[in-house]
Every structure is written in structure tokens, then in C-alpha cells.
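Below is one structure, written out as C-alpha cells; comments come after it.
Every value quoted in this text rests on a predicted model; they were computed, and no experiment measured them. One is the number of the first residue; the rest follow in order along the sequence.
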Amino acid sequence: DCPDTCALLITVEDGVATEVKGDPDHPTTAGVLCTKVARYAERTYHEERLLHPMKRVGKKGEGKFERISWDEALDTIAARLKGIAARDPQAILPYSYCGTMGLVQGESMSLRFFHQLGASLLDRTICASAGSTGYRYTVGASIGTDMEQFQNAKLIIIWGGNPIASNLHFWTRAQEAKRRGAKLIAIDPYRSLTADKCHQHIALMPGTDSALALGMMHVLIHENLLDHDYIAQHTIGFDQLRERAAEWTPERTAATCGITAEEVINLAREYGQAATSGEAAAIRINYGVQRVRGGGMAVRAISCLPALVGAWRHPAGGIQLSSSGTFPTNKPALQRPDLLNGRPARTINMTTIGDDLLKQASPEF
């Protein structure tokens, strides 16, 4: 679930996949796969992989199942769905997330089926909704620094991520930037493998990312480490942001984040001086930042930083959370909401499903 979209080379012998490798001719993959993907073949043919439908025969939680045929499984499911749909199709909720990130397998074929059935819709919020929304509010879309440019940066801030484990192809480029003289700074409450290999680790308290971003803004504005032309030409709301940042002195920021005022000041200076001097300053932010109360606003605050210093002017500068909006997709064509045929469709938030299922449905449903 990183933004790489790896290209795979799969060796097949007698109808069996025997090896999975990264395509060396693919610019991002460059012949390298992370541990998770490199072991796809092992998982595919593992003796404990579920290959047949299993029907529960004991009480829920007992773990008692028996194998049934595909015909029996499909007939059983269809009969249950027909009976419920005859009473109220919105009593059916397809609850899933991303076993596959493929546009057809992961998010389209199942929705076509459930739209035709008239089932309730699922608001898939469990992973990244707050951060994605905050980022789009600030940057405008799910776009960001080109993955293939990070090695040209002079300063890389890895904020709330552990790319050694979760974003290998970014990390290889960060390491190349490091070899070229770039400084790597990790911002993370936890000293991850990534943080351990950066030049500096700023261990702020969990959930205080907004405060640190505002404290950086305070220093940037106070010391005039700004790109005023970029702010004037390409941003809105600077005056209001300046007023808000004025409240977050380095001392207040440090007390909130559990770090020192010197760390706040030096981080802001390094970031501002790199960007305003024409060097590439990049931020790689990840979704761990937004999995706390106020997480969406934390992403918004961090995402303001590149605009203040004009970091977007450099191809290797800016910020990246997700690149999923780089090539827009025609989701209505894939997911076919038209199959609802004008029927009302309630939406249930997957993170509050317990509360929602206990509520009395509104009259229109």
C-alpha cells in the first residue's frame, strides 16, 4: 500500500508461479521488491492458504468449520441475500477494505453487484480518510513530489513514516540523496528503523504534529524564511495562517511536543534556508500522522509548509502523502453507481458501524 505501483516479473513453470521479481526496466521498481511483495509466491502456494469454501458448523467463535462445494457456498449466500433484499436491500452492507488495490478487483466489480442489489454503501474511513481529506483541502488533490525526484533533494523530512518497512522505493532514493550529501530528518514518536538511520530523529509526543508544524511556521515567518512571491501567486489564507502561527512560539511548541525549543528553531531554519536558497527540501508524510484526534488538521498544517518556503519550485521539493490522484480515474465508469437506478442508498461509516447498527433507521430507509 505504498505509492509505487511496482512492475512484477513472474516466472511460471508448468502453470505454477515459481518466482516473483521486480522489473529492472521499470523506473520506480528498478528490479527491487519489498519483503511483502517478494514473497507473494510463497503465500499463494502456502499449505495453510484457504482454497475452498468453509461453512461454520459450531457456535460463533468456536472455530469449527467444514468444507463445502462452491455451488453450495454460492447458493447459500444467494439465498440469504435474496431473502434480506426482498425485505430491505439496505439491510445488506458490503464491509471490506483493500485486499487488493486494483481498480477493478479492489473497488469496482463488487460495487457493481451491490449497486444492482441496492445495498447500503460503506464509507471506507478506517485507514486514511482524515489525512486524505486534509491534504486535498490544502494541496488541492492527491498529488505530490515525484517519487523519481527524491534523490535530488538536499533535505528530506520523513514525517510519521517508516519507509524502510513500508515504502522501499522511496527509501532507496532517500539513501541515494543521503550519499549525495542530503540531510535526512525523521519526525516520529517512535525510533523506527528509518529514524535510526537518519541524521536526526525528533521524537515528539504522539498527536502533537500540528503543534510542531505551527511552531515551524512561527519561526519561518518571524525570521522571514519565506518565498513571498510564491505565497502571493499560489496560495490563499496566508494572513489568517500568520495570525495562528504567531501563537505557537518555539517555547510553547516545545512544551506541547515534548522536545526542546532549539529543536523547533533549528528544524525550521534548516527547512526554510534550504528551500529559499534554491535547494530542494522535501517532506515525505505518511498516514500514521492522521490516526489520532485532529489528525486531518495535522496533515493540513504540515502540508502548508512547502508553500510558505516555495519548496514546490524545485522538482525534488514539496511534499508527498499519496500519488493516487496523479492519473485520475473514471470511478463512475468502473463502479457503476447508475445501477442503483435512483434508489436511495444510505452510507454507513465503517469505523462507527457498531453505533450505527444500534441506531433506529430513519423513516426514508
Side-chain angles (χ1 to χ4, degrees), residues 1 48-134 136-137 142 287 290-296 322 324-325 328-365:
D1 191 15
E48 295 182 4
R49 182 184 172 197
L50 185 64
L51 297 175
H52 309 282
M54 302 291 287
K55 183 177 181 179
R56 178 164 57 84
V57 294
K59 294 181 179 179
K60 186 177 292 186
E62 287 185 339
K64 296 180 179 179
F65 293 85
E66 66 178 12
R67 177 178 169 180
I68 60 175
S69 69
W70 281 103
D71 285 343
E72 183 181 353
L74 293 171
D75 289 345
T76 301
I77 296 169
R80 290 290 305 275
L81 289 175
K82 282 182 180 179
I84 296 170
R87 300 191 303 272
D88 179 5
Q90 292 190 90
I92 298 168
L93 175 70
Y95 191 96
S96 64
Y97 203 69
C98 291
T100 169
M101 300 290 282
L103 291 176
V104 175
Q105 293 188 56
E107 301 180 12
S108 298
M109 296 309 296
S110 61
L111 279 175
R112 294 182 186 190
F113 173 79
F114 287 109
H115 284 150
Q116 178 70 46
L117 194 62
S120 292
L121 305 178
L122 181 71
D123 194 4
R124 297 171 120 194
T125 59
I126 205 166
C127 178
S129 291
S132 297
T133 302
R136 288 196 298 271
Y137 277 165
S142 294
Y287 285 111
Q290 52 95 66
R291 294 190 180 122
V292 294
R293 183 181 296 274
S322 168
S324 61
T329 56
N330 187 346
K331 287 192 175 181
L334 290 166
Q335 300 173 358
R336 297 293 306 278
D338 58 289
L339 294 173
L340 285 166
N341 288 322
R343 290 172 291 185
R346 66 175 177 178
T347 298
I348 295 178
N349 188 321
M350 70 189 312
T351 58
T352 59
I353 186 171
D355 293 337
D356 292 339
L357 291 177
L358 292 173
K359 292 177 182 176
Q360 178 68 36
S362 56
E364 63 267 27
F365 296 134

- [ ] State the CD1-OG1 distance between Ile126 and Thr351, to the nearest 0.5 angstrom.
- [x] 7.0 Å
Task: Qualifying side chain to side chain donor-acceptor pair (under 3.5 Å) pairs, either residue in residues 332-344, two or more places apart - done: Arg336-Asp338
Task: Nearest heavy-atom neighbours spanning Lys59 and Arg56 - done: C-NH1, 3.6 Å
Task: CG on Leu334 to CG on Leu111, rounded to 0.5 Å - done: 10.0 Å
- [ ] Take atom OH of Tyr137 as the centre, draw a 6.0 Å sphere, and report whether it contains more than 12 heavy atoms from other residues, nucleotides or ligands.
- [x] no
- [ ] Using modelled atom types only, decide if a donor and an acceptor are shared between the side chain of Tyr95 and the backbone of Met350 within a distance under 3.5 Å.
- [x] yes
TODO: For residues Ala91 and Ile84, report the shortest heavy-atom separation together with the two atoms involved.
DONE: CB-CG2, 3.7 Å
Task: Spatial distance of atom CG (Leu81) from atom CD1 (Ile92) [nearest 0.5 Å] - done: 4.5 Å
Task: Which atom of Ala85 lies closest to which atom of Leu117, heavy atoms considered - done: CB-CD1, 4.1 Å
Open item on the list: Measuring from atom CG of Leu358 to atom CD1 of Ile353, what distance do you get when rounded to the nearest 0.5 angstrom?
Closed with: 10.5 Å
Task: Student check: side-chain heavy atoms of Ser142 and Arg136 closer than 4.5 Å - done: yes
Task: Non-hydrogen atoms of Tyr287 and Ser322 that approach each other most closely - done: OH-CB, 3.4 Å
Open item on the list: Less than 4.5 Å apart, side chain to side chain, heavy atoms only: is that true for Pro332 and Asn330?
Closed with: yes
- [ ] Write out all pairs satisfying side chain to side chain donor-acceptor pair (under 3.5 Å) with one or both partners inside residues 104-120, taking only residues at least two apart or from two chains.
- [x] Ser120-Arg346
Open item on the list: Less than 4.5 Å apart, side chain to side chain, heavy atoms only: is that true for Phe114 and Pro89?
Closed with: no
Task: Donor-acceptor contact present, side-chain Asp123 to main-chain Thr125, <3.5 Å - done: no
Open item on the list: Please report the interatomic distance CG(Leu122) to CD1(Ile348), rounded to the nearest 0.5 Å.
Closed with: 8.0 Å
Open item on the list: Test your reading of the model: is there a side-chain donor-acceptor pair from Gln290 to the backbone of Gly295, 3.5 Å cut-off?
Closed with: no
Task: Pairs where residues 64-77 contributes a residue and the test side chain to side chain donor-acceptor pair (under 3.5 Å) is met, not counting sequence neighbours - done: His52-Arg67
